[in-house]
Amino acid sequence: MADAAEHQAVPTEDESRRDFLLHATLATGAVGVAVSMWPLINSMNPAADTLALSSVEASLAGLQEGQAITISWRGKPVFVRYRTAVEIEEARSERWQDMPDPQPDEERVQDDRYLIVIGVCTHLGCIPLGQKTTETRGDYGGYFCPCHGSHYDLSARIRRGPAPANLEVPEYIFLSETNIRIG
Amino acid sequence: MSTEKSWGTQAFDWFEERLPIVSFIDNTVGSKYPAPKNLNYFWNFGALAGFVMVIMILTGILLAMSYTPHVDHAFQSVERIMRDVNSGWLLRYMHANGASFFFIVVYIHIFRGLYYGSYKAPREVLWWLGIIIMLIMMMTAFTGYVLPWGQMSFWGATVITNLFSAIPVIGDEIVTLLWGGFSVDNPTLNRFFALHFLMPFVLVGVVILHVWALHIPGSNNPLGINATPKDKIPFHPYYTAKDVFGLGVFLLVYFTVVFWFPNAMGHTDNYIPANPLSTPAHIVPEWYFLPFYAILRSIDDKLTGVILMFGSILILFVIPWLDTSRVRSATFRPIFRVLFWIFLIDCVVLTWCGAQLPEGIPLILTRVGTFWYFFHFLVLMPVIGWIETPRPLPTSISTPVVAKPAE
Ligand code: HEM
Ligand code: FES
């Protein structure tokens, strides 16, 4: 009874103070829960040993003009193609400004001859055809992804189909004339 | 004293007073649950779906006892289940075909709801829970299909997880998070197994909510009108008997496939071990995903395709409001009924298109079919509700039955 009477005596001040305490506690709790979720979610991200596997070296010495090899990097294929002079010429003669993902061939290669790209279609991740001589290279002479019909050109730029972007150029450096390190 | 209750009854009453579980079951699917007396065989499919779910969990747990979720061993462990584990072939064929039959049963269940207007007031939440069940089933089936680690497992997982890369800005981060690496690999297989084990039990939880929501208004019926107490009969023994008969028919069909055509609904390429460096020439998802896959490929733009695909399922959440007619059953809606069948055909056509290469005539059909899918829900449903004159509704379920001889 005494409590109730006291409570009634100063209703507004007391109640707004209680409301404040309540809301502050709830807000702190909510932020705490949100923050503590992060390590749980982050545990699903690549682990340290997975990240450690992220570079590979390869020799291009055996590769002849017009040939291609595939290197496995981070579980994905990397396409290396030793382009012929005609192919380089073709990749550079067309207006890149009008392409779906505009980029000049010069920006996509370090050594004009070697086209080095990740062989994963930028649509939904299939591996495009065109590395083997028996495979179709699509309407633009580069690569063709059969999954949903994306055509890439001799610079592995997307030209037609649902893929939104050119095949990605991985980070790589030439350790020597014919040795590369990817990643 | 001798006229008093028997010892057994007393023990039963003692227990019921403390945990009234038997009366709870009796109220849910027993003699105390009154159901409309005119339910037809399309009302069997809910109970059937529940039964298939039990089969899936049972066979799944037994498979998990012999399965190894590691990229170097998964394929071999499934082959070992097929060849060496006692009845392993049966468990696996029951599980793999069980997934297909689960979808057959649930799709029929959903089209039943679309025809008889079961999504309309007061059953909107019941309908929502049904769509959530379908989504959980899809995630479960997708993660399960990855486990044998064949070519289709691997490339299906790659293509579907990559759908999330269409999300602007954070898409790639999300995909890396899903993979636990830079491509579909061992961490992916591991987590998919964990999720595939978990989700069926989440499914059970949502199914319980679904049945709870069903019991608030009670079952709809082929006439779509509200059933009066006079129009109802006890679920047990009437519908338990009918459900068991339906179950018998179902089991005949299911085991015919399990025993004689166990791979008819699967893809042969999944008997080739996963190869991350070579995509099969023609990848297709399991048949139950084909209409959605077709919608994904209907358009030459990644983000739009993904939005349309998810939209084709999410749109189901709002159809209780897109349908402007208050008459539930299509039986009394002359125009809607025709549109229902066209829509059903549209879904079949999309299913076929999903299995074809997206070029030429299949591509045109895919586009027309996708257009019609959304046109049906977004335009026809609201408009037909306004302009259509429904046939007169009977005043009660008993009326037409009783009146028939007089006709
Ligand atoms: C909602 C119910 C479920 C559905 C729709 C479902 C679906 C699937 C599918 C489509 C496969 C691939 C079958 C194949 O081609 O080999 C599969 C495999 C598997 N599932 Fe399930 N599953 C369900 C419940 C469960 C449960 C509850 C468990 C374990 C507790 C489980 C454990 C497994 C295992 C170990 C495999 C790999 C062996 C195999 O490939 O046959 N499943 N599941
Ligand atoms: S994954 Fe290459 S076109 Fe879809």
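Every chain is numbered from 1, with letters handed out A, B, ... down the list of sequences.
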Point-to-point distance, once rounded to the nearest 0.5 Å, from CG of B/D185 to NZ of A/K76: 11.0 Å
Side chain of B/K302, backbone of A/H123: donor and acceptor closer than 3.5 Å?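 Such a contact is found between B/K302 side chain and A/H123 backbone.
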Would you find a donor on one side and an acceptor on the other, under 3.5 Å apart, between the side chain of B/R191 and the backbone of A/M44?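 Yes.
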Which residues in [range] have any heavy atom lying under 4.5 Å from a heavy atom of chain A?
range                       : value
residues 173-182 of chain B : B/T176, B/L177, B/G180, B/G181, B/F182
residues 271-283 of chain B : B/P276, B/L277, B/S278, B/T279, B/A281, B/I283
residues 150-164 of chain B : B/W155, B/T158, B/V159, B/N162, B/L163

Please classify the contact between B/L303 and chain A as side chain, backbone, both or neither, with a heavy-atom cut-off of under 4.5 Å. neither
With a 4.5 Å cut-off on heavy-atom pairs, point out which of A/P164, A/C126, A/P77, A/P146 contacts chain B the most.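 Ranked by heavy-atom pairs under 4.5 Å with chain B, first place is A/C126.
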Measure A/T70 against the heavy atoms of chain B and call it side chain, backbone, both or neither at under 4.5 Å.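 Neither part.
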Under 4.5 Å from a heavy atom of chain B, the part of A/L129 involved: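 Contact with chain B involves no heavy atom of A/L129 at all.
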Quick check on side-chain contact (heavy atoms from CB on, under 4.5 Å): which of A/P162, A/S150, A/P100 does B/D300 satisfy it with?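 Looking at A/P162, A/S150, A/P100, the match for B/D300 under the side-chain contact (heavy atoms from CB on, under 4.5 Å) is A/P162.
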Neighbour count >12 (heavy atoms, 6.0 Å) for atom [atom1], [X]:
X      : atom1 : result
A/E65  : CD    : yes
B/F201 : CZ    : yes
A/E177 : CD    : no
A/L26  : CG    : yes

Would you tabulate the side-chain donor-acceptor contacts of residues 134-147 of chain B under 3.5 Å, counting partners in other chains and residues two or more places apart, or write 'none'?
| residue | atom | partner | partner atom | Å |
| --- | --- | --- | --- | --- |
| B/T140 | OG1 | B/I136 | O | 2.7 |
| B/T143 | OG1 | B/M139 | O | 2.9 |
| B/T143 | OG1 | B/T140 | O | 3.0 |
| B/T143 | OG1 | B/H196 | ND1 | 3.3 |
| B/Y145 | OH | B/E286 | OE1 | 3.4 |

Please report the C-alpha distance between B/L296 and A/L124 in whole Å, then the side-chain angles of each, then the deciding distance to 0.1 Å, and finally whether the side-chain contact (heavy atoms from CB on, under 4.5 Å) criterion is met. CA-CA 11 Å; B/L296 168 76; A/L124 296 174; 3.8 Å; yes
